[in-house]
J.: 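Just passing along the structure, written as C-alpha cells.
Below, read A as the first sequence line, B as the second, and so on, with proteins coming before strands; counting in each chain starts at 1. All heavy atoms count here, side chains included; hydrogens, waters and symmetry mates do not.
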Amino acid sequence: MTPEQLSTSLVAALTRLVDAGRLALPDGVPSEVRVERPKVKEHGDYATNVALQLAKRAGLNPRELAQWLADELVTDDGIEGAEVAGPGFLNVRVAAGAQGAVAATVLEAGTDFGRTATLAGQRIDLEFISANPTGPLHLGHTRWAAVGDAIARVLEGAGAVVTREFYVNDRGVQMDHFGASLMARAHGEEPPEDGYVGSYVSALADRIVTADPGIVDLPRDEQLVAFREAGYALQLAEHQSELEEFNTHFDVWFSERSLHDSDAVEKGFARLREQGRLYEQDGALWMRTTDFGDDKDRVLRKSDGSLTYFASDTAYYVDKRDRGFDPCIYLLGADHHGYVGRLRAMAACVGDDPQQQLEVLIGQLVKILQDGQELKLSKRAGTIVSLRELIDLVGTDAMRYTLIRYPADSPLTLDVSEMTSRSNENPVYYVQYAHARLSSILRNAADLGVGDDLDGFDPSLLSTEQEGSLLRALAEFPRVVARAAELREPHRVARYLEDTASAFHTFYGACRVLPQGDEDVTDTHRARLVLVAATRQVFANGLGLLGVSAPDRM
RNA sequence: GCCCCCGUAGCUCAGGGGAUAGAGCAACGGUUUCCUAAACCGCAGGUCGCAGGUUCGAAUCCUGCCGGGGGCACCA
C-alpha cells in the first residue's frame with residue numbers, strides 16, 4: 001500500500017460517509033487527503049489530520065469524525081488497524097502484505113518508478129547559467145549548473161517536456177573590452193582600464209596567437225575584432241565542454257547576436273506595439289513597464305539608435321514564447337534580483353500573464369571558505385575558482401551533489417577542505433555507498449543462484465520494523481519527485497535519498513538477506529532480495545534525477 | 001528610503017500549520033568468525049533572532065523590531 005493508495009482509500013471512506021448522510025461537507029469531499037509518515041512509530045505507519053481539518057466545517061467533533069473514518073478504513077484488506085489519537089489524528093497501520101507489495105510495484109515500474117504525470121503536457125523552457133563568454137565559469141555558475149540541470153531532470157520526472165537553454169551575451173561593450181584585453185596581452189601590454197585582467201586572459205591570448213600568428217600584424221581595428229571573435233569561440237567551446245563534463249547538457253545555446261541578425265527584435269517591438277506598450281520620447285523608444293508595477297519605464301532603443309540589453313531580453317522572451325514554451329523559467333543569481341520586476345512587467349507588456357508564463361527563480365550566492373577566509377571571486381581581479389578547477393579537485397559527482405542538496409534560495413557557505421575531502425564527510429558517499437552495497441548483495445545472490453524475480457514473492461514476509469520503514473521510504477519516492485518538480489526544489493530528492501539510505505543501512509544491519517553457510521534458501525531470503533532489488537532501483541532512479549552516478553562498486 | 005533572501009545544536013544546514021524540532025560534521029562510548037565498517041548502535045548537545053497577533057494547535061502564517069547578505073533608487 002502506497003500513500004497514494006491510502007489517500008484514495010480515505011477519500012473513498014469520506015465519500016461513503018457523505019453518501020450515507022452521516023457527514024455533510026459544504027465544500028464537498030476533498031480530492032486528495034494528505035497522508036504523512038509519523039516521526040514516532042507509536043503513531044502507526046501513516047497518519048492523517050484530515051479529521052481535524054474537516055471537523056469544523058462539518059460541525060463535528062474531530063475525534064468522532066476520525067473514529068468514523070477508522071471504522072470505514074479497517075474494512076479494507078490492506079489496513080491492519082486505525083486508531084484515533086490526540087485531538088483527532090488518525091493513525092493507520094498497514095498490513096504487512098500490502099506494505100511489502102510496494103517492492104513489487106517498484107520493480108514492475110523499473111526505471112519509471114518515481115515518474116508521475118503531475119506536469120504532463122507542459123512544455124517548459126529553463127534558462128540557467130547564461131554566463132558571458134568572456135571568462136571561465138566560476139563557483140556561482142557551478143551552483144546554477146548543478147541545480148538548474150537537476151531541476152530540469154525533476155521536471156521531466158513529473159512529465160514535463162523541458163528545453164534547457166544557455167543564453168550567450170555575445171554582443172555589446174563587454175565583448176569589446178574582452179577583445180581589447182586579449183589583444184593587449186598578446187602584445188605584452190596591460191589590459192585597458194575596463195578590460196579583463198585574470199590570468200586566463202593571457203593564456204587565451206597565447207592560444208589565439210599560436211593558432212594564428214599573423215593576427216598581431218592586422219590593423220588595430222581588425223585585430224581587436226579578430227581577438228574578440230577568436231576569444232569568444234575558445235571561451236564558448238570551453239564552457240560547452242566543461243558543462244558536458246559536469247553532466248549538464250544544454251539543448252539550446254542561444255546567441256544574443258542571432259536575435260539581432262534575425263527579425264526577432266522587430267517582432268518583439270511589433271508585439272509591444274500591438275499591446276500599446278511602446279512610445280517614443282526624447283528620441284528614444286520606451287516600453288511602458290510602469291503599467292505593470294515597474295518603478296520606471298524602460299528604454300529599448302536609445303536616442304543614439306543603439307539597442308539596450310533589455311531590448312534583447314524582450315526579443316528573447318518573445319522568441320521563447322513563439323517556440324511554444326509555457327512557462328519560461330529563469331534561474332537567476334540574487335545579484336540580478338533587481339531585474340525581476342522589469343522582467344515580469346515586460347511579460348505583461350507583451351500580453352502574457354507573468355504569474356503563468358514567466359517564472360523567475362532567485363538563487364542565493366555561494367561563499368567559499370579556505371582556511372577560514374572567504375575567497376572573493378572576481379573575474380576582473382583574476383581570483384577565480386573555476387568549474388574546471390572544481391571538477392578536478394572535487395569531482396563531478398561530489399560537486400553536483402553538494403550543491404544540489406541545499407535549496408537554491410538559501411545562501412550557502414562551503415569549505416574548500418570539506419568539498420575537496422573524499423572522505424565520508426560528504427553525504428554523496430553515504431548515498432552512493434548504499435547503491436554500491438545493494439549492488440553487491442545482488443551480485444552475491446546471483447552467485448548463490450538466489451533469484452530476485454517476483455515469481456513466488458510473498459510480500460507478507462517483509463514484516464520486521466526495519467523492512468516496514470524501508471518499504472515506506474520507497475513508497476514515498478514518487479511523491480518526493482512530484483513535490484520537487486512542483487516547487488522546483490531538487491534538494492528534496494537528495495534529502496530523501498539520504499533518509500532512505502539510512503533506512504536501508506539500518507535494515508541491512510538488522511536483516512540478513514542471503515543464506516549463510518549451507519543454509520537453505522527460504523522464501524524470506526527471496527522476499528528480502530526483492531526488497532533489495534527494489535531499493536537499488538530507487539537509488540538508481542533518484543541519483544539519476546540529480547545527475548549523479550550510481551556506482552556498483554566503491 | 002523601498003524590495004528580496006536568510007537567522008534552528010559548537011559548525012554547515014534540513015524541516016515551512018500538527019503529536020517528543022532533525023541530519024551530517026565535530027565530542028564521547030560501543031559493534032566486524034556472517035551479504036562492502038564509506039556502515040550500524042548508544043550518549044550528549046536547542047529561550048527555532050526578539051516581541052506581539054491569528055487558532056484547538058506556530059520553528060512554520062501575519063505585523064513590528066534587531067542582526068547578516070543582496071538588489072533598486074538617491075547622492076556624487
Side-chain angles (χ1 to χ4, degrees), chain A residues 34 36 38-44 47-53 55-56 61-63 84-91 140 293-296 332-342 360-369 372 374 398 402 405-415 417-419 421-448 450 466 483 487 489 491-492 494-499 501-517 519 525 528-529 532 551-554:
Chain A
R34 253 187 72 187
E36 61 182 33
K39 281 172 251 176
V40 281
K41 62 176 184 241
E42 286 73 26
H43 295 159
T48 178
N49 61 359
V50 65
L52 282 160
Q53 289 179 333
K56 195 175 220 173
N61 176 321
R63 287 189 60 99
V84 179
F89 292 105
L90 183 57
N91 298 331
D294 200 4
D295 44 5
K296 64 176 191 182
L332 300 180
D335 52 342
H336 289 82
H337 162 257
Y339 211 64
V340 177
R342 89 186 66 158
V360 183
L361 305 176
I362 292 296
Q364 294 296 318
L365 305 180
V366 192
K367 273 188 208 165
I368 182 165
L369 300 179
E374 181 179 352
T402 303
R405 76 186 286 269
Y406 301 102
D409 64 0
S410 92
L412 185 55
T413 305
L414 298 175
D415 190 273
S417 62
E418 228 165 84
M419 285 195 308
S421 153
R422 287 174 184 278
S423 76
N424 59 355
E425 284 171 24
N426 200 327
V428 66
Y429 293 111
Y430 186 70
V431 174
Q432 286 186 314
Y433 179 66
H435 184 271
R437 209 178 211 187
L438 286 155
S439 302
S440 172
I441 298 171
L442 290 167
R443 276 194 303 272
N444 295 338
D447 291 345
L448 291 172
V450 185
Q466 293 84 2
R483 185 95 173 127
L487 298 175
E489 290 182 345
H491 76 275
R492 291 170 182 278
R495 301 289 174 161
Y496 162 80
L497 291 175
E498 290 167 27
D499 288 346
S502 174
F504 163 64
H505 287 308
T506 299
F507 154 78
Y508 180 90
C511 303
R512 177 76 200 187
V513 178
L514 298 174
Q516 300 183 71
E519 274 181 14
H525 293 133
R528 286 178 176 172
L529 198 57
V532 163
D552 289 325
R553 288 188 167 82
M554 284 175 74

J.: Dump every N/O contact between nucleotides 40-44 of chain B and the protein below 3.5 Å, one line per pair.
T.:
from	atom 1	to	atom 2	distance (Å)
B:C40	OP1	A:Tyr430	OH	2.5
B:C41	OP1	A:Thr506	OG1	3.2

J.: Contact class for A:Asp552 (heavy atom, under 4.0 Å): base, sugar-phosphate, or nothing?
T.: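 Base: the residue A:Asp552, judged by heavy atoms under 4.0 Å, touches a nucleobase.
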
J.: Considering only atom P, compute the distance from B:G22 to B:C3 and round it to an integer number of Å.
T.: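 Their P atoms lie roughly 36 Å apart.
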
J.: Any base atoms under 4.0 Å from A:Leu52, or only sugar-phosphate, or nothing? Heavy atoms, all strands.
T.: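 Result for A:Leu52 = base.
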
J.: Are A:Val513 and A:Phe507 packed together at the side-chain level, in the sense that at least one heavy-atom pair is separated by less than 4.5 angstrom?
T.: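 Sidechains of A:Phe507 and A:Val513: in contact.
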
J.: Nearest 0.5 Å, what's the CG-CG distance between A:Leu448 and A:Leu514?
T.: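 Answer for the CG-CG pair, A:Leu448 versus A:Leu514, is 6.0 Å.
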
J.: Is A:Ala334 touching bases, backbone alone, or none of the nucleic acid, heavy atoms closer than 4.0 Å?
T.: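 Here A:Ala334 touches the backbone only, sparing every base.
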
J.: Take atom NE2 of A:His336 and atom C1' of B:G69, then tell me their distance rounded to the nearest Å.
T.: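 Those two atoms, NE2 and C1', are 17 Å apart.
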
J.: Enumerate the protein-to-nucleotides 28-34 of chain B contacts in which both atoms are nitrogen or oxygen and the separation is below 3.5 Å.
T.:
from	atom 1	to	atom 2	distance (Å)
B:C34	O2'	A:Arg512	NH1	2.3
B:C34	O2'	A:Arg512	NH2	3.4

J.: Report yes if a side-chain nitrogen or oxygen of A:Asn444 is closer than 4.0 Å to either non-bridging phosphate oxygen (OP1 or OP2) of B:U36; otherwise report no.
T.: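 It does, given that an N or O in the side chain of A:Asn444 lies less than 4.0 Å from OP1 or OP2 of B:U36.
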
J.: Please determine, for B:C65, whether a Watson-Crick or G-U wobble partner exists with both distances under 3.5 Å, and give it or none.
T.: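 For B:C65, the partner nucleotide comes out as B:G49, under the 3.5 Å rule.
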
J.: Using the C1' atom in both, what is the distance from B:C74 to B:C11, to the nearest Å?
T.: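 It works out to 40 Å between them.
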
J.: On the nucleotide B:A19, are OP1 or OP2 found under 4.0 Å from the side-chain N or O atoms that A:Lys39 carries?
T.: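 Checking A:Lys39 against B:A19: at least one side-chain N or O falls below 4.0 Å of OP1 or OP2.
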
J.: Nearest 0.5 Å please: distance from the CG atom of A:Leu438 over to the OH atom of A:Tyr508.
T.: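 Going from CG on A:Leu438 over to OH on A:Tyr508, the span is 9.5 Å.
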
J.: Between A:His525 and A:Arg512, do the side chains contain an N or O donor and an N or O acceptor separated by less than 3.5 Å?
T.: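 There is no such pair (donor and acceptor under 3.5 Å, judged by atom type) between the side chains of A:His525 and A:Arg512.
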
J.: Touch check for A:Ala445, heavy atoms < 4.0 angstrom, all strands: base, sugar-phosphate only, or nothing?
T.: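 Nothing, no nucleic acid heavy atom in range.
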
J.: Please report, rounded to the nearest Å, how far the P atom of B:C25 is from the CZ atom of A:Arg405.
T.: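 My rounded result for the distance is 10 Å.
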
J.: Which one is paired to B:C2, where only Watson-Crick or G-U wobble pairs with both distances under 3.5 angstrom count?
T.: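 Because both required distances fall under 3.5 Å, B:C2 counts as paired with B:G71.
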
J.: Looking only at atom C1', what distance separates B:A58 and B:U54, rounded to whole Å?
T.: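 My reading of the C1' atoms in B:A58 and B:U54 gives 10 Å.
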
J.: Rounded to the Å, how far apart are A:Tyr339 OH and B:G71 P?
T.: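 After rounding, the reported distance stands at 16 Å.
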
J.: Below 4.0 angstrom, N of the basic side chain to O of the carboxylate: do A:Arg483 and A:Glu489 qualify?
T.: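 No salt bridge links A:Arg483 with A:Glu489.
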
J.: With a 3.5 angstrom cut-off on both distances, give the Watson-Crick or G-U wobble partner of B:A59, or none if there isn't one.
T.: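 Looking at the geometry, B:A59 pairs with no nucleotide.
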
J.: Does the side-chain ring of A:His491 lie flat on the base of B:A14, meaning centres under 5.5 Å and planes less than 30 degrees apart?
T.: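 No, A:His491 does not stack on the base of B:A14, since the centre distance and plane angle fail the 5.5 Å and 30° test.
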
J.: Atom CZ of A:Phe507 and atom P of B:A39: how far apart are they, to the nearest Å?
T.: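 In whole Å, B:A39 P lies 18 Å from A:Phe507 CZ.
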
J.: Judged by atom type as modelled, is there a donor-acceptor pair below 3.5 Å linking the side chain of A:Thr48 to the main-chain atoms of A:Leu90?
T.: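 Absent.
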
J.: If you look at every strand shown and take non-hydrogen atoms under 4.0 Å, does A:Tyr406 touch a base, only sugar-phosphate, or nothing?
T.: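 Answer is sugar-phosphate: A:Tyr406 comes under 4.0 Å of backbone atoms only.
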
J.: Between B:G16, B:U12, B:G18, which one does the side chain of A:Glu36 approach most closely?
T.: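 Nearest listed nucleotide: B:G18.
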
J.: Quick one: are A:Asp552 and A:His435 in side-chain contact, heavy atoms under 4.5 Å?
T.: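 A side-chain contact under 4.5 Å exists here.
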
J.: Which nucleotide, if any, forms a Watson-Crick or G-U wobble pair with B:G16, using both distances under 3.5 Å?
T.: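 Matched B:G16 with nothing under the 3.5 Å cut-off.
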
J.: Do A:Phe89 and A:Val84 come within less than 4.5 Å of each other through their side chains, counting heavy atoms only?
T.: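 Heavy-atom side-chain distance check fails, nothing below 4.5 Å.
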
J.: Between B:G71, B:A38, B:A19, which nucleotide gets closest to the side-chain atoms of A:Tyr429?
T.: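 For the A:Tyr429 side chain, the nearest candidate turns out to be B:A38.
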
J.: Which nucleotide in the set B:U36, B:A19, B:A14 lies at the smallest distance from any side-chain heavy atom of A:Pro407?
T.: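 Looking only at heavy atoms from C-beta outward on A:Pro407, the closest nucleotide is B:A14.
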
J.: Using modelled atom types and a 3.5 Å cut-off, is there a donor and acceptor pairing between side-chain atoms of A:Arg492 and backbone atoms of A:Pro407?
T.: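 Pair absent, no side-chain N/O of A:Arg492 close to backbone of A:Pro407.
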
J.: Where the side chain of A:Arg495 is concerned, which of B:C13, B:G70, B:U20 is the nearest nucleotide?
T.: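 Ranking B:C13, B:G70, B:U20 by closest atom to the A:Arg495 side chain puts B:C13 first.
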
J.: Where the side chain of A:Tyr508 is concerned, which of B:G15, B:A73, B:A37 is the nearest nucleotide?
T.: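 Nucleotide nearest to A:Tyr508's side chain: B:A37.
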
J.: Between B:A73, B:G18, B:C3, which nucleotide has the shortest distance from any of its atoms to the side chain of A:Lys296?
T.: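 For A:Lys296, the side-chain atoms sit closest to B:A73.
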
J.: Using the 3.5 Å cut-off, write out each protein N or O paired with an N or O of nucleotides 5-11 of chain B and the distance between them.
T.:
from	atom 1	to	atom 2	distance (Å)
B:C5	O2'	A:Asp409	O	2.7

J.: At less than 3.5 Å, do the side-chain atoms of A:Asn91 and the base atoms of B:A19 form a donor-acceptor pair?
T.: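 In this structure, the two groups form a donor-acceptor pair.
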
J.: When you measure from the side chain of A:Arg495 to the backbone of A:Tyr406, do you find a donor-acceptor pair of N or O atoms at a distance under 3.5 Å?
T.: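 Absent.
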
J.: What I'd like to find out is whether the side chain of A:Lys296 reaches to under 4.5 Å of the side chain of A:Arg342, using heavy atoms alone.
T.: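 Sidechains of A:Arg342 and A:Lys296: no contact.
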
J.: By nearest heavy atom, map A:Arg443 and A:Ile362 onto RNA chain B; which one lands nearer the 5' end?
T.: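 Looking at RNA chain B, the more 5' nearest nucleotide goes with A:Ile362.
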
J.: According to the Watson-Crick and G-U wobble definitions, with both distances under 3.5 Å, which nucleotide is paired to B:U33?
T.: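 Paired with no nucleotide.
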
J.: Hey, which of these two, A:Glu42 or A:Arg492, hits RNA chain B nearer its 5' end, going by closest nucleotide?
T.: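 In this pair, the answer is A:Arg492.
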
J.: Which distance, rounded to the nearest 0.5 Å, do you find between the OG of A:Ser440 and the OH of A:Tyr433?
T.: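 So the OG of A:Ser440 and the OH of A:Tyr433 are separated by 8.5 Å.
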
J.: Ignoring hydrogens and angles, tell me if any N or O in the side chain of A:His43 forms a donor-acceptor pair with the backbone of A:Asn91 under 3.5 Å.
T.: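 Answer holds: no.
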
J.: Find the distance between CZ (A:Arg528) and CD1 (A:Ile441) and round it off to the nearest 0.5 Å.
T.: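 Going from CZ on A:Arg528 over to CD1 on A:Ile441, the span is 11.5 Å.
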
J.: Quick one: look up who B:C25 pairs with, Watson-Crick or G-U, both distances under 3.5 Å, and put none if it's unpaired.
T.: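 B:G10 is the nucleotide pairing with B:C25.
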
J.: When the C1' atoms of B:U8 and B:G29 are compared, how many Å lie between them, rounded to an integer?
T.: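 After rounding to an integer number of Å, I get 28 Å for this pair.
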
